[in-house]
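The structure under discussion appears below in the form of structure tokens.
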Protein chains: 2
Amino acid sequence: MANYTASSLKAELNSRGWRMTPQREKILHVFQNLPKGNHLSAEELHAVVEKRGESISLSTIYRSVKLMARMGILRELELAEGHKHYELNQPYPHHHHHVVCIQCNNTIEFRDDTILKHSLKQCKKEGFQLIDCQLTVMTICPEALRMGWPSALPTDWCCTRVISQKETEQDSQE
Amino acid sequence: MANYTASSLKAELNSRGWRMTPQREKILHVFQNLPKGNHLSAEELHAVVEKRGESISLSTIYRSVKLMARMGILRELELAEGHKHYELNQPYPHHHHHVVCIQCNNTIEFRDDTILKHSLKQCKKEGFQLIDCQLTVMTICPEALRMGWPSALPTDWCCTRVISQKETEQDSQE
DNA sequence: CTCTTTGCAAATCTTTTGCACAAAA
DNA sequence: TTTTGTGCAAAAGATTTGCAAAGAG
């Protein structure tokens, strides 16, 4: 869970028999410059790179994020959205967890450092080496509750908070 | 997070405008009779039903587990295996969390009731209604570490603990 | 030079969906 | 009766893979 630079990434890769490439450096850079709280799917990461006028094939994107997650550089998030999202696996005090509305995927982050402590305790007990820990709290958001969840809501109903978030993301990516 | 019977499931479904069916009852029954610590993917659930000489279409399986997860009856787990797994969403004191090895998917359960408390606190603060909370600890298991993870291990290497688990599952399902 | 990585296109795998029929309420 | 649920087959997505060429150490 360190803060990587291009050269420390190279060192880490080489120490494991892997190689530094412009693609991997670029991907690290994108995540490091992502507005706080954002996370990207493979497709979205691909789009961000394209928008900069650069290009990395989608296969390489998939291969890279998986590798970087295995290395502990990225966190692989499953936030009930049907595809994986990635974000930097940041050290304390930026490490955080998620509350997700299962109706509309509205997601909020929260910090709670005791979670990591509990996870470490469990790992130590069993001899496992911790890479990352994620507490995901599945919930119904206040707006969905107000609208009469569950029976009164169509499956694809989405709260206004999420809709406005989506609009904001158009501009804020990088 | 209650312990359902066929008739309480029916009541719960009806109260939301949904209907009780033999398929839904059967699925609940399979999960209730699953050995402790097991969880099933949609495919696996389908196989278990078939093995009993009964039959539910795969579409219905997918539709049912999703519905039951939305109702809070099942938990939808993402244990780094590429597809979702389901298990009963059990109340205290059976509620638990998972430590997963990202190399071989070796999974162990652990209980830690403070996690739920922290999640509830966070929900209350934001006005969200808690359905479930899951702490997933991504790790490298002791055996993979011993074998020289990461560089010395092929991507698909799997520890013996998991291989023997898989063999045991053949018999123990139901 | 050798071995890893990339890009492309095709393949795979999981999950979803349209529709006609069956079945709860 | 009306409306929801099921089964089937086809579609849709997301992710992976084989292979030849490019590139890192």
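Here is how names work: the chains are called A, B, and so on, in the same order as the sequence lines, proteins then strands, and each is numbered from 1.
Sequence neighbours left out, not one pair with a member in residues 88-103 of chain A passes salt bridge (Lys or Arg N to Asp or Glu O under 4.0 Å).
Evaluation of the side chain to side chain contact (heavy atoms under 4.5 Å, CB included) rule for B/H46 yields B/E50, B/L58, B/I61 as partners, not counting sequence neighbours. Residues satisfying the side chain to side chain donor-acceptor pair (under 3.5 Å) test with B/H39, not counting sequence neighbours, are none. Among residues two or more places apart in sequence or in another chain, the side chain to side chain donor-acceptor pair (under 3.5 Å) test is passed with A/T136 by none.
Salt-bridge annotation for B/K36 and B/E109: present, with a side-chain N of the basic residue lying under 4.0 Å from a carboxylate O of the acidic one.
Rounded to whole Å, the distance from CG on B/L77 to P on C/dT14 is 17 Å. Taking atom NZ of residue A/K84 and atom C1' of nucleotide C/dT14, one finds them 11 Å apart after rounding to whole Å. Following rounding to the nearest Å, B/L45 (CG) and C/dT14 (C1') show an atom-to-atom distance of 15 Å. Note: CZ (A/R24) to P (C/dT4) measures 11 Å, nearest angstrom. What separates CG of B/L67 from C1' of C/dA24 is a distance of 15 Å, to the nearest Å. Protein atom CD of B/E76 is 15 Å distant from nucleotide atom P of C/dT14, rounded to whole Å. Between B/K26 atom NZ and C/dA23 atom C1' the separation is 14 Å, expressed in whole Å.
Checked by atom type and distance alone, the side chain of B/Q134 pairs as donor or acceptor with a backbone atom of B/E76 at under 3.5 Å.
The aromatic rings of B/H97 and B/F110 lie tilted to each other, with the angle between the two planes from 30° to 60°.
Remark on DNA chain C: of its neighbouring residues B/K10 and A/L13, the 5'-side contact belongs to A/L13, judged by nearest-heavy-atom nucleotide. Of the residues near DNA chain D, B/P22 and A/M20, the one whose nearest nucleotide (by heavy atom distance) lies more toward the 5' end is B/P22. Comparing B/H83 and A/Q23 against DNA chain C, the residue whose closest nucleotide sits nearer the 5' end is A/Q23.
Non-hydrogen atoms lying under 4.0 Å from DNA chain C are contributed by A/S57, A/S59, A/T60, A/R63, all within residues 57-64 of chain A.
Of all nucleotides in DNA chain D having an atom under 4.0 Å from a heavy atom of chain A, the first and last in 5' to 3' order are D/dA14 to D/dG25.
Atoms NE2 and CG, from B/H95 and B/L88 in turn, are 12.0 Å apart once rounded to the nearest 0.5 Å.
The side chain to side chain donor-acceptor pair (under 3.5 Å) test with A/H96 singles out one residue from A/R111, A/E87, A/Q90, and that residue is A/E87.
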